[in-house]
Amino acid sequence: MNVFSFPVQMISGVLAGAALSVSAVFAAGSTVPATPAYLEQPGKLRSMLPLDQLIARTRHTFGNKASDVVVYSARLQEEEHQKVFVIDFIDANNQLERVVYGAFSGKQIDHAPMQVPMPMEEILSKVESKYPGANRIRTWLERQGGNMVYVIELADKQFKVKRRQLTMDAYTGRVITDVTYDLKPDGKQISLEQIIKNARKKYRGMVVLRTRSSVKNNMNVREIIFLDDNHIRHKMVVNAVDGEVIEDRITPLGWI
């Protein structure tokens, strides 16, 4: 019978290495581990930071002690054409939050509360900064893979006869996917931002769930599905040319 054995020196070296890696993370209480030197040197082979190191940093940053922060979700994904770690956690004040780190640099890229999705106007502002003058055709809020996202379809002037669809994190507004497809855009309409701004005069705390462009009685309209200040679901239909409200009614869940 063959018996496998390893030199004592080898085992000791492995245990010492493991102890060293643990001490690097938790030395001096909750001290934030330093970024490995090889990540700071251009031209060197880059590798992603260990996720547990970023979790330790999150606990240190958002709690007085590690036990103050409860991490319930951590994942690697691509946002804004770069690999990032997204960590969702409950902070020391029992508030749900999201923090985003660069997967290679470990740099904190974004941080946002998760009590309610980012207002639609802020999402549209981010879209406008990326694609100035593009016409927003449809928007909606949905859950994808356990994550809340905004989906925005727009006619991008740079592509003339193409439309673009963006999927954006509902809490940070960061772009997760950005694709184009062929479809002739509609004519000139009042901006979606202005329509939402006008609606918010009546419903200050409204949460926009979905919008779309359509035709009603031979008229171009914008349809907005939203929750009002009392979390009651509404459907508002607005003339897409002059912004006049044609319809504003309560709609039970499941209605269009």
Check against side chain to side chain contact (heavy atoms under 4.5 Å, CB included), Gln77 and Ile176: CA-CA 8 Å; Gln77 68 182 38; Ile176 299 171; 4.0 Å; yes
According to the salt bridge (Lys or Arg N to Asp or Glu O under 4.0 Å) rule, which pairs have a member within residues 114-124, sequence neighbours left out? Glu121-Arg200
Taking C-beta and beyond as the side chain, do Ile87 and Ile55 meet within less than 4.5 Å on heavy atoms? yes
Do Ile90 and Val69 touch side chain to side chain, with heavy atoms closer than 4.5 Å? no
Among pairs that include at least one residue of residues 86-109, which meet salt bridge (Lys or Arg N to Asp or Glu O under 4.0 Å), considering only residues two or more places apart or in two chains? Arg75-Asp88, Asp88-Arg98, Arg98-Asp169
With a 4.5 Å limit on heavy-atom distance, are the side chains of His60 and Arg57 in contact? no
Closest heavy-atom pair and its distance - Gly102, Ile109: N-CD1, 3.4 Å
Closer than 3.5 angstrom, by distance alone: can the side chain of Asp68 be matched with the main-chain N or O of Lys65 as a donor-acceptor pair? yes
Can you name the side chain to side chain donor-acceptor pair (under 3.5 Å) partners of Lys83, sequence neighbours left out? none
Sub-3.5 Å donor-acceptor pair from the side chain of Gln108 to the main-chain atoms of Tyr101, do we have one? no
Under 4.5 Å between any side-chain heavy atoms of Asn135 and Ile137, yes or no? yes
Salt-bridge present (Arg164, Asp178; N to O < 4.0 Å): yes
Salt bridge check, Glu193 against Arg136: does any charged N sit closer than 4.0 Å to a carboxylate O? yes
Taking Met219's backbone N and O only, do any of them form a donor-acceptor pair with Asn217's side chain (distance below 3.5 Å, no angle check)? no
Donor-acceptor pair, side chain of Arg212 and main chain of Arg138, under 3.5 angstrom: no
Under a 3.5 Å distance rule, please check whether Ser213 uses its side chain to pair with a backbone N or O of Arg222 as donor and acceptor. no
Can you classify the ring geometry of His234 versus Tyr203 as parallel (below 30°), tilted (30 to 60°) or perpendicular (above 60°)? tilted
Applying side chain to side chain contact (heavy atoms under 4.5 Å, CB included), run through Thr139 and Arg210 and close with a yes or a no. CA-CA 5 Å; Thr139 68; Arg210 178 165 58 86; 5.9 Å; no
Basic-acidic side-chain contact under 4.0 Å: Lys202, Asp248: yes
Determine yes or no for a side-chain-to-main-chain donor-acceptor pair under 3.5 angstrom, with Tyr150 supplying the side chain and Pro117 the backbone. no
Report yes if the side chains of Val221 and Val238 come closer than 4.5 Å at any heavy-atom pair, otherwise no. no
Aromatic ring proximity, centroids under 6.0 angstrom, Phe89 and Phe62: yes
Start with the C-alpha distance between Leu154 and Leu166, add both sets of side-chain angles, then the distance that settles side chain to side chain contact (heavy atoms under 4.5 Å, CB included), and finish with yes or no. CA-CA 8 Å; Leu154 58 150; Leu166 302 177; 4.1 Å; yes
Is the closest basic N to carboxylate O distance between Arg249 and Glu247 below 4.0 Å? yes
So do the side chains of Ile152 and Ile123 get within less than 4.5 Å of each other, counting heavy atoms only? yes
Quick one: does Asn230's side chain have a donor or acceptor within less than 3.5 Å of a partner on Ile232's backbone? no
Between Thr61 (side chain only) and Thr58 (backbone N and O only), is there a donor and an acceptor less than 3.5 Å apart? no
So CE of Met236 and CD1 of Ile225: to nearest 0.5 Å the spacing works out to 10.5 Å
Here the pair of heavy atoms bringing Leu49 nearest to Ser105 is CD1-C, 4.3 Å
Nearest-0.5 Å distance that lies between atom CE in Met206 and atom CZ in Phe226: 4.5 Å
Side chains of Ser191 and Gln194: closer than 4.5 Å at any heavy-atom pair? yes
Considering all heavy atoms of both residues, which atom of Gly173 and which atom of Met168 are nearest to each other, and what is their separation? O-CE, 3.0 Å
